[in-house]
Amino acid sequence: KNAFYDALPLSISETDSKSSKQVSPTIHIGDYTIPVHDDYNIMIKKNVEINDALKDKVVMQLRSGNSSTIKKGTWQGDWMLSSFDELGDAQLFIDTIAPVIVPVAWKNNSLFKTQKTLTLKCTDAISRIANFTATLDGKWVMFAKKNDYLTYTFDEHCAAGHHTLTIDVTDVAGNTAGNLDYHIDFR
């Protein structure tokens with residue numbers, strides 16, 4: 001109710017899954033160019049038998065034009081419920097792969113003399129990064145995010161000397177690349 005600006009005929013169809021990670025048909029919902037005013041609910045039934053551990057790793061994806069939105073829905077029996085504010089193609093995927101963290105232009109045990117920043121690239125194969133936490137010597141530090149890149153600008157929390165940078169990254173499905181320790185020296 002109230003998701004659309006006006007009454008409209010909404011075409012809905014489905015096609016078979018195309019990927020081994022996909023556990024539902026693809027549901028085609030309307031024309032992605034039609035604007036949506038507010039979130040609306042989508043329920044998709046899984047069409048593959050999966051155990052409870054894998055069921056917990058299922059995410060719902062909505063592709064709308066060139067964009068893709070991934071959400072962790074809630075299960076109601078064999079149906080997953082989620083909500084979106086765009087039309088497009090929706091399907092369920094199993095995501096069991098942890099995010100990948102890659103230092104950009106530095107490596108573990110690096111010495112930082114003239115650099116003012118430290119950058120990491122964090123990506124996920126299927127879903128998206130849901131949580132990123134960084135601590136320097138056990139104390140939280142702030143990273144700026146731009147697309148898949150996270151950058152820490154050295155500040156008063158990073159005095160000269162040896163430091164341990166601990167990174168924890170979790171994706172939407174709950175997969176974690178966690179407690180990765182990098183040892184750095186800042187001069």
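Side chains of Ser68 and Gln61: a donor on one and an acceptor on the other come within 3.5 Å. Side chain to side chain, Ser24 and Gln91 fail the donor-acceptor criterion of an N or O pair below 3.5 Å. Counting only N and O atoms by type, the side chains of Thr119 and Thr151 include a donor and acceptor under 3.5 Å apart. Thr166 and Asp181 are linked by a side-chain donor-acceptor pair at a separation below 3.5 angstrom, with hydrogens and angles left out of the test.
Here the CD1 atom belonging to Ile70 is positioned 8.5 Å from the CG atom belonging to Asp124, to the nearest 0.5 angstrom. Separation of atoms CD1 (Ile94) and OG (Ser127) is listed at 13.0 Å; rounding is to 0.5 Å. Considering OG1 of Thr133 and CG of Asn131, their distance stands at 4.0 Å, rounded to 0.5 Å. Interatomic distance, Ile126 CD1 to Thr96 OG1, rounded to the nearest 0.5 Å: 6.5 Å. Expressed to the nearest 0.5 Å, how far CG of Leu180 lies from CD1 of Ile167 amounts to 8.0 Å. Expressed to the nearest 0.5 Å, how far CG of Leu92 lies from CG of Asn47 amounts to 8.5 Å.
Using a 4.5 Å cut-off on side-chain heavy atoms (C-beta onward), Tyr182 and Leu118 make no contact. Residues Thr26 and Lys18 form no side-chain contact, since every pair of their non-hydrogen atoms from C-beta on lies 4.5 Å or further apart. Counting heavy atoms from C-beta on, the side chains of Ile42 and Met80 never come closer than 4.5 Å. Between Gln76 and Met43 there is a side-chain heavy-atom pair separated by less than 4.5 Å. In this structure, the side chains of Leu120 and Val104 stay at 4.5 Å or more apart for every pair of heavy atoms.
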Notebook entry, point to check: Taking it one step at a time, do Leu62 and Asp89 satisfy side-chain contact (heavy atoms from CB on, under 4.5 Å)?
Noted result: CA-CA 5 Å; Leu62 179 83; Asp89 299 335; 5.9 Å; no
Notebook entry, point to check: Yes or no on side-chain contact (heavy atoms from CB on, under 4.5 Å) for Leu150 and Cys122, after CA distance, side-chain angles and deciding distance?
Noted result: CA-CA 7 Å; Leu150 294 118; Cys122 297; 3.5 Å; yes
Note to self: side-chain contact (heavy atoms from CB on, under 4.5 Å) for Val58 and Val23? Distances and angles first, verdict last.
What the structure shows: CA-CA 8 Å; Val58 174; Val23 294; 4.2 Å; yes
Margin query: Under the criterion side-chain contact (heavy atoms from CB on, under 4.5 Å), I'd like the reasoning laid out for Ile27 against Ile12: C-alpha separation, chi angles, the key distance, then a yes or no.
Written below: CA-CA 7 Å; Ile27 310 298; Ile12 299 176; 3.9 Å; yes
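Using a distance-only test at 3.5 Å, with no hydrogens or angles considered, a donor-acceptor pair links the side chain of Asp137 to the main chain of Thr164. For the pair Ser17 (side chain) and Ser19 (backbone), a donor-acceptor distance under 3.5 Å is absent. At least one donor-acceptor pair under 3.5 Å links the side chain of Asp155 to the backbone N or O of His157. Judged by distance alone, the side chain of Lys113 and the main-chain N or O of Gln115 form no donor-acceptor pair under 3.5 Å. A donor-acceptor contact shorter than 3.5 Å links the side chain of Ser64 to the backbone of Leu87.
Ser82 approaches Gly73 most closely through the heavy-atom pair CB-CA, 4.2 Å. When all heavy atoms are compared, the tightest approach of Ala160 to Arg187 is CB-CA, 4.5 Å.
No path of Ile, Leu, Val, Met, Phe, Trp and Tyr side chains, each step under 4.5 Å between heavy atoms, connects Leu136 with Met142, placing them in separate hydrophobic clusters. Note on Val36: it clusters hydrophobically with Leu10, by side-chain heavy-atom contacts below 4.5 Å among ILVMFWY residues. Cluster membership check: Ile101 shares its hydrophobic cluster with Val141, using side-chain heavy-atom separations under 4.5 Å among Ile, Leu, Val, Met, Phe, Trp and Tyr.
Of the residues listed (Asp171, Asn175, Asp95), the one engaging Lys57 in a side chain to side chain donor-acceptor pair (under 3.5 Å) is Asn175, and it is the only one. Checked against Phe186 for a ring pair (Phe, Tyr, Trp, His ring centres under 6.0 Å), the options Trp106, Phe112, Phe154 give a single hit: Phe154.
With a 6.0 Å radius and a threshold of 12 heavy atoms from other residues, nucleotides or ligands, Phe132 has its CZ atom above the threshold. The environment of Asn51 atom CG is dense: over 12 non-hydrogen atoms of other residues, nucleotides or ligands sit within 6.0 angstrom. The number of heavy-atom neighbours closer than 6.0 Å to CG of Asp16, taken from other residues, nucleotides and ligands shown, is 12 or below.
In this structure, Lys46 is not positioned above the aromatic face of Trp79 in the sense of NZ or CZ being under 6.0 Å from the six-membered ring centre and within 45° of the axis. In this structure, Lys71 forms a cation-pi arrangement with Phe84, its terminal cationic atom sitting closer than 6.0 Å to the ring centre and no more than 45° off the ring axis.
Electrostatic pairing of Lys121 and Asp148 does not count as a salt bridge here, judged by no charged N lying under 4.0 Å from a carboxylate O.
Taking the six-membered ring for Trp and the full ring otherwise, Phe143 and Tyr152 have centroids separated by under 6.0 Å. When ring centroids are compared, His183 and His163 stay outside the 6.0 Å threshold.
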